[in-house]
Amino acid sequence: MGRIVLEQVTKSFGEVTVIPPLDLTIEDGEFTVFVGPSGCGKSTLLRLIAGLEDVSSGRIAIDGTEATALSPSKRRLAMVFQSYALYPHMTVRKNIAFPLRMAGMDKAEQERRVTQAASVLNLTDYLERRPGQLSGGQRQRVAIGRAIVREPSAFLFDEPLSNLDAALRVGMRLEISELHKRLATTMIYVTHDQVEAMTMADKIVVLRAGHIEQVGSPLDLYHNPRNVFVAGFIGSPTMNLITGPEAAKHNARTIGVRPEHITVSATEGPWSGTVAVSEHLGSDTFFHVHGTGLADSITVRAGGEVGFRHGDRIHLTPRADVIHRFDDKGLRIA
Amino acid sequence: MATQHSRTAARLMLAPAVILLLGWMLVPLTMTLLFSFKQYLPMRGGDLGWVGFDNYIRFVGSSAFWPSVVTTLVIVGSVLVITIVLGVLLALLLDQPMWGQGVVRILVIAPFFVMPTVSALVWKNMFMDPVNGLFAHLWKFFGATPISWLSEASMTSIIMIVSWQWLPFATLILLTAIQSLDSEQLEAAEMDGAPPLSRFGHIILPHLGRAIAIVVLIQTIFLLGVFAEIFVTTQGSFGTRTLTYLIFQRVLESQNVGLGSAGGVYAIILANILAIFLMRIVGKNLDR
Ligand SMILES: Nc1ncnc2c1ncn2[C@@H]1O[C@H](COP(=O)(O)OP(=O)(O)O)[C@@H](O)[C@H]1O
Ligand SMILES: [Mg+2]
């Protein structure tokens with residue numbers, strides 16, 4: 001149904017190459033997340049798949065058919081935009097029914113699908129309102145409703161949650177994940193937020209400057225980052241990257257230790273420093289330790305009950321079995 | 001900031017402007033009203049005293065009145081339709097990325113800077129002249145007999161000239177409106193399977209509704225007073241006598257100020273009826 005294959009796809013805007021040659025396969029039914037820093041070409045890649053931008057070279061196949069030259073409407077993909085892109089002069093009902101109306105579907109079937117989508121998305125009470133009279137989360141749901149009524153072969157989301165407040169974001173994240181479980185349709189989801197990527201994805205594609213840095217399951221990326229960039233990007237708080245003599249001890253140019261893989265002690269441990277900031281979250285405590293001579297600041301995660309304060313002397317012990325080692329080129333040493 | 005004190009100061013400072021504007025508006029209005037109830041013939045005895053509603057009755061009773069109202073409405077309506085249809089098309093065109101966009105935009109706006117008298121003269125002599133005009137040459141080139149535009153197709157000619165003048169205004173307002181349309185809405189519609197014409201009808205046109213309403217309102221107010229274009233070309237003959245032109249003839253050609261003033265009051269009433277009607281439409285558009 002929704003298998004999408006990109007072969008040697010490139011995209012340039014005039015002189016600027018945004019996507020260098022790129023190969024990627026998205027399996028049917030998979031929840032794939034494109035993640036990477038702002039401006040790395042995630043939206044461009046998504047728009048290439050949608051057909052809103054033409055590829056400069058390369059091929060795109062959807063459902064096994066050549067789609068490189070197909071117009072967006074022929075690709076049977078639905079997109080949810082960052083700005084929601086609802087039609088402001090139409091009611092919610094008309095917005096959701098718009099793609100069906102364009103397809104020339106008969107009124108009764110339109111009505112049935114709109115009603116069903118509205119009940120799935122809790123929009124039944126708002127069908128006669130205009131988008132301007134809805135909250136951010138409701139608008140988001142209307143945009144999703146407009147996408148699902150078409151029963152597309154894949155959904156494309158471009159940072160759909162970035163305009164919502166934190167609490168709503170967590171809620172919508174769950175709703176989209178649930179929707180994916182229920183529909184089992186391919187979804188491609190673009191975000192710059194690695195927490196969204198980790199929590200939602202079956203498969204994460206980490207992008208930097210249009211390059212694919214690594215493709216894998218969230219845990220795969222967490223445990224086996226292929227290079228320093230992925231190591232620093234995936235995980236929260238970010239991994240401590242240490243260079244210099246300490247790394248040389250492990251026969252590496254750079255070593256990486258995750259904050260959760262360091263134990264703290266008042267008295268013993270190979271590394272030591274002073275606590276600059278301690279963030280108490282209740283469940284966890286994060287210490288930012290300065291003056292270790294390893295890096296400017298080492299972040300450590302400890303249990304919520306550990307009570308060091310600003311200025312305390314602290315000793316750190318990294319777990320030897322989960323130290324990530326990287327060579328001169330920043331690549332992982334197995 | 002908005003303390004009692006500063007508000008009083010603000011009112012005081014606004015006062016001169018408000019008084020000036022009020023005077024500007026009220027003095028001519030009062031004079032028109034005053035004259036409209038008088039028999040006032042400057043060259044034939046001057047002020048001959050009050051006559052009640054005589055002028056009003058005579059103005060409406062004249063055989064020229066209703067045709068002039070119709071002519072006025074036809075000109076206003078036709079120019080509105082032409083400028084808005086062409087304005088939307090031009091705005092769509094100018095919104096496309098193209099080479100020399102800046103220059104083209106300035107060229108399109110240029111007619112608006114030409115004074116009505118000048119543009120009417122240019123049209124009359126350079127385009128519509130039955131012997132030397134460009135149209136005459138064009139007609140001859142295709143073997144047709146040149147039309148003497150201003151007498152045979154007088155209304156068409158006037159409507160063409162006035163539309164040419166107001167098209168830039170409509171285009172400009174509509175272009176800014178088109179540019180304010182979120183491009184993601186169009187892309188969403190494209191993905192939703194809407195072909196270009198549907199995208200225009202379902203997304204662009206509704207988005208332009210407000211701008212169109214404003215163009216209609218502003219243009220109507222100005223078009224009701226179209227004068228120079230008629231004065232320079234047909235002088236009100238060949239069925240081109242608008243209400244404004246009729247008033248002008250009554251006051252200056254017949255030297256009957258009282259009768260002309262009564263006509264002026266009718267023009268004010270007509271303008272207000274149209275304005276209220278149009279404001280309703282605009283208001284409806286602004287609602288959402
Ligand atoms: N239409 C365009 N013309 C020129 N450059 C563009 C265009 N669209 C995007 N870019 C450039 O491509 C790069 C990637 O953009 P984008 O895909 O939007 O990044 P992301 O979504 O990852 O933040 C940016 O440097 C941006 O400036
Ligand atoms: Mg983006």
Side-chain angles (χ1 to χ4, degrees), chain A residues 13-14 43 46-47 49-53 70-91 94-105 129-133 139 142-160 163, chain B residues 84-85 87-88 91-92 95-102 173-217 278-288:
Chain A
F13 292 108
S43 298
L46 197 70
R47 292 166 59 83
I49 295 172
L52 294 172
E53 303 275 1
L70 281 187
S71 68
S73 57
K74 299 253 163 59
R75 299 192 184 194
R76 299 202 55 241
L77 306 174
M79 184 148 166
V80 175
F81 291 84
Q82 184 170 1
S83 69
Y84 313 140
L86 301 179
Y87 311 128
H89 52 278
M90 297 183 200
T91 58
K94 290 220 172 103
N95 261 283
I96 297 178
F98 188 73
L100 307 178
R101 200 166 135 208
M102 287 298 118
M105 188 177 283
R129 294 212 196 164
R130 287 184 201 279
Q133 302 163 311
R139 284 181 212 185
V142 177
I144 294 174
R146 196 172 61 184
I148 61 177
V149 285
R150 294 173 55 196
E151 301 180 353
S153 50
F155 291 95
L156 312 177
F157 294 91
D158 191 356
E159 310 216 11
N163 289 337
Chain B
I84 283 167
V85 171
V88 169
L92 285 173
D95 188 42
Q96 306 299 315
M98 59 177 165
W99 188 82
Q101 201 165 38
I173 303 262
L174 294 168
L175 178 63
T176 53
I178 283 185
Q179 284 172 337
S180 74
L181 176 59
D182 176 13
S183 65
E184 286 197 346
Q185 268 179 43
L186 286 176
E187 290 177 345
E190 195 178 348
M191 295 213 61
D192 282 345
L197 265 182
S198 302
R199 291 208 286 278
F200 176 75
H202 289 295
I203 314 294
I204 298 179
L205 214 49
H207 176 78
L208 289 183
R210 196 177 293 193
I212 290 176
I214 287 166
V215 169
V216 168
L217 190 64
L278 291 167
M279 286 300 261
R280 282 263 169 82
I281 302 175
V282 176
K284 220 197 237 162
N285 269 301
L286 293 181
D287 254 357
R288 47 176 190 240

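Since the model is a prediction, treat every value here as computed from it, not as a measurement. Sequence lines set the chain letters: A, B, ... in the order given, protein chains first and strands last, and positions in each chain run from 1.
Remark: A:F155 engages no residue in a ring-ring contact (aromatic ring centres under 6.0 Å, His included) (not counting sequence neighbours). The salt bridge (Lys or Arg N to Asp or Glu O under 4.0 Å) test applied to A:R47 returns A:E53, B:E187, not counting sequence neighbours.
With a 4.5 angstrom heavy-atom cutoff, A:A50 touches chain B via backbone and side-chain atoms both. Residue A:L86 touches chain B through its backbone alone, counting heavy-atom pairs closer than 4.5 Å.
In terms of non-hydrogen atom pairs under 4.5 Å with chain A, the most contact-rich of B:G193, B:S183, B:P195 is B:G193. When each of B:L186, B:D192, B:I203 is checked for heavy-atom pairs under 4.5 Å with chain A, B:D192 comes out on top.
In the model, A:Y84 has no side-chain atom that pairs as donor or acceptor with a side-chain atom of A:N95 under 3.5 Å.
In this structure the side chain of B:D182 reaches within 4.5 angstrom of the side chain of A:S83, judged on heavy atoms.
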